[in-house]
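Remarks on the structure that follows.
Keep in mind it's a predicted model, so treat the numbers as computed, not measured.
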Amino acid sequence: QVQLVESGGGSVQAKGSLRLSCAASGLTLSSSAISWFRQAPGKEREFVAGIYGDSGSTYYADSVKGRFAISKHNVKNTVYLQMADLKPEDTAVYYCAARPWLVSTSRREYPYWGQGTQVTVSS
């Protein structure tokens with residue numbers, strides 16, 4: 001079965017950096033779109049970034065464009081989210097999610113989810 005396991009979260013000061021990892025099993029990255037979502041307390045889960053399965057093209061939410069970078073290593077079956085210039089408003093639980101081929105910004109389109117990893121940014 002499909003499993004997604006996130007790691008790399010933690011606490012950091014504003015303007016700091018973190019790299020999140022999403023280790024995937026039971027699927028092939030070259031035919032799967034992997035996206036990162038985040039959910040802050042009391043807020044809806046929102047799309048952050050996604051990477052297409054075949055082309056490797058990427059897509060970002062406006063709020064993180066220029067600060068976050070999503071990438072993948074097909075052999076390791078792992079997707080990364082490099083986060084820089086972090087802000088307190090980036091504080092949330094970050095989830096990776098998978099669906100066939102195409103990135104979607106709608107969380108309802110993703111059948112597979114990881115358990116999440118906490119990112120806390122202090123001012």
Side-chain angles (χ1 to χ4, degrees):
Q1 72 275 22
V2 175
Q3 275 196 318
L4 303 172
V5 180
E6 301 97 334
S7 61
S11 297
V12 65
Q13 290 195 321
K15 299 187 186 297
S17 300
L18 279 175
R19 188 178 80 158
L20 306 183
S21 298
C22 173
S25 59
L27 57 78
T28 304
L29 287 190
S30 59
S31 58
S32 304
I34 307 293
S35 293
W36 288 93
F37 287 76
R38 66 186 181 186
Q39 188 165 19
K43 294 191 175 181
E44 294 278 320
R45 192 171 297 188
E46 64 175 2
F47 174 84
V48 174
I51 188 163
Y52 284 78
D54 49 357
S55 67
S57 297
T58 57
Y59 187 75
Y60 297 93
D62 287 344
S63 59
V64 306
K65 214 172 281 185
R67 301 188 297 122
F68 291 11
I70 188 171
S71 62
K72 62 175 179 169
H73 193 301
N74 283 349
V75 173
K76 293 184 179 179
N77 240 32
T78 300
V79 173
Y80 304 98
L81 185 68
Q82 181 68 50
M83 305 186 294
D85 190 22
L86 283 160
K87 305 176 181 181
E89 51 264 42
D90 294 318
T91 295
V93 178
Y94 283 70
Y95 300 88
C96 65
R99 68 187 303 271
W101 298 109
L102 302 178
V103 170
S104 171
T105 60
S106 171
R107 58 185 171 88
R108 294 173 180 80
E109 299 287 331
Y110 291 80
Y112 307 111
W113 290 85
Q115 82 288 350
T117 185
Q118 176 71 45
V119 171
T120 303
V121 184
S122 57
S123 56

Problem set entry | Pair Leu20-Tyr80, side chain to side chain contact (heavy atoms under 4.5 Å, CB included): steps then yes or no | CA-CA 6 Å; Leu20 306 183; Tyr80 304 98; over 6 Å; no

Are [X] and [Y] in one and the same hydrophobic cluster, where Ile, Leu, Val, Met, Phe, Trp and Tyr link if side-chain heavy atoms are under 4.5 Å apart?
X: Leu29; Y: Val2; result: yes
X: Leu27; Y: Leu81; result: yes
X: Tyr112; Y: Phe47; result: no
X: Val12; Y: Val93; result: no

Nearest non-hydrogen partners of [X] and [Y], listed with the distance:
X: Pro88; Y: Ala14; result: CD-CB, 4.2 Å
X: Arg67; Y: Asp85; result: NH1-O, 2.9 Å
X: Ile51; Y: Lys72; result: CD1-CG, 3.8 Å
X: Arg38; Y: Ala92; result: CB-CB, 3.8 Å
X: Gly50; Y: Val103; result: C-CG2, 3.7 Å
X: Arg99; Y: Pro111; result: CB-CD, 3.9 Å

Exercise. Given Lys76 and Ser21, is the side chain to side chain contact (heavy atoms under 4.5 Å, CB included) satisfied, shown in steps?
Worked result: CA-CA 11 Å; Lys76 293 184 179 179; Ser21 298; over 6 Å; no

Rounded to the nearest 0.5 Å, what's the gap from [atom1] on [X] to [atom2] on [Y]? Could you check?
X: Leu102; Y: Ser32; atom1: CG; atom2: OG; value: 11.0 Å
X: Leu86; Y: Phe68; atom1: CG; atom2: CZ; value: 5.0 Å
X: Leu18; Y: Thr117; atom1: CG; atom2: OG1; value: 9.0 Å
X: Cys96; Y: Ile70; atom1: SG; atom2: CD1; value: 9.0 Å
X: Thr78; Y: Leu4; atom1: OG1; atom2: CG; value: 10.5 Å
X: Arg108; Y: Arg45; atom1: CZ; atom2: CZ; value: 11.0 Å

Exercise. Hey, is Asp90 close enough to Lys87 for a salt bridge, meaning N to O under 4.0 Å?
Worked result: no

Exercise. Going through the distances and angles, do Trp36 and Glu6 end up as a side chain to side chain contact (heavy atoms under 4.5 Å, CB included)?
Worked result: CA-CA 10 Å; Trp36 288 93; Glu6 301 97 334; 3.8 Å; yes

Exercise. In a check of ring-ring contact (aromatic ring centres under 6.0 Å, His included) between Phe37 and each of Tyr94, Tyr95, Trp113, which one passes?
Worked result: Trp113

Exercise. Would you say Lys65 has more than 12 foreign heavy atoms packed within less than 6.0 Å of its NZ?
Worked result: yes

Problem set entry | Tyr60, OH atom: more than 12 neighbouring heavy atoms under 6.0 Å | yes

Problem set entry | Derivation of the side chain to side chain contact (heavy atoms under 4.5 Å, CB included) call for Met83 and Val119 | CA-CA 10 Å; Met83 305 186 294; Val119 171; 3.9 Å; yes

Exercise. Is there a donor-acceptor contact under 3.5 Å from the side chain of Asn77 to the main chain of Ala24?
Worked result: yes

Exercise. With no hydrogens and no angle check, is any side-chain donor or acceptor of Ser104 less than 3.5 Å from a backbone partner on Ser106?
Worked result: yes

